[in-house]
Amino acid sequence: DFSVPKSTDEECLNKGLLKNLSSFFSLDNYQNLYTGEEAKRLIEKMEKFQPELLIGYTSVLMGIATLKMKGLGKKVKPKYIISSGEVLDSYSRKYIENAFETRVLNLYATTEGGSIAFECLEGGFHVNSDFVHVEILDKNGEDVGGNEFGSIVITRLYPGGTPIIRYTGLNDIASFESDYCNCGMHTPLLKNLEGRKKDAIVLPDGRIFPPATIPMPLAEATSKFGTYQVKRFQFIQRSIDDIEIRIEIDEEQRNKGVTVERLIEEIKKNYQKLVGNDVRVEVIEKKAEKVEGQVSPPLIISKLDKKIIDKALL
Ligand SMILES: [Zn+2]
């Protein structure tokens, strides 16, 4: 697992998830790594530890997956990988799964409410309804109903220092799935966990895209050419009608298959189709300036006035 030492992250992990798990599992065989460390150092440590299960932020897993594809960490063969703490988009999921040749599952855990939902092997996103009661509400505090998007509001059902009752501060967007999962667990299902409200993309015509949907046009372009050239990307809404997509190319993949120029052209075409012609779309190749000890930059940055998002959304 990864978390930032001496932060609320680590505190939450030790006192929340791990404390809950310690009555069921022995945690002697457990290693906690610092996310700010270089991916190369992380994979070296994992090589010695050889974890059966790997839990981490999507962006950190992406960094390690890039190295794994280059042949590092040969003995790092987890049975499963769990992504948490950040949106797990379809491109990142496929990229990490391809590198490690195993499934990546999504976990929705929060500092305030602990583990809220987890993805089962059938792909259902199950609410931990014995730990937490989840509601999805609109901006007036009413149930959105059906499969509509809304804000996640939680009530924690187990004791803790501060009672968490109908807590609205998570600012995450999701919708419920009306069906039951095939796996046999009949807990409520989240259809999608769409990310933080503040990172939603709002367009001039009033359409709103929750963060998790943003990388989809990029994923479509890469899968069209069957390439994993893009090792990192970042999406920035500079203003309501101006969007910038930054991609970082894996040098070892650069000359394999489709050219980078053609890939960029396809990515731009897909985003332009999504947002319409009133919005300027720019796709730029960028080399990451990696600062040692720096935690991964956010996937989606919205520079929109927060009031615009609040007004448009929920
Ligand atoms: Zn299931």
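Every number for a ligand or one of its atoms is a count from 1 in the order of the listing. FYI, the numbering just counts along the sequence from 1.
- In terms of modelled atom types and a separation under 3.5 Å, the side chain of E142 and the main chain of L137 share no donor-acceptor contact.
- Using a 3.5 Å distance cut-off with no hydrogens or angles, the side chains of Y158 and D130 do not pair a donor with an acceptor.
- The same ILVMFWY cluster, assembled from side-chain heavy atoms under 4.5 Å apart, contains both L203 and F235.
- A donor-acceptor contact closer than 3.5 angstrom links the side chains of S83 and T58.
- Protein N/O/S atoms found under 2.8 Å from the Zn ion (ligand 1), listed by chain and residue number: C120 SG, H126 NE2, C181 SG, C183 SG.
- A search for ring-ring contact (aromatic ring centres under 6.0 Å, His included) contacts involving F209 returns nothing, not counting sequence neighbours.
- No cation-pi contact links R93 to Y95, judged by a cut-off of 6.0 Å to the six-membered ring centre and 45° from its axis.
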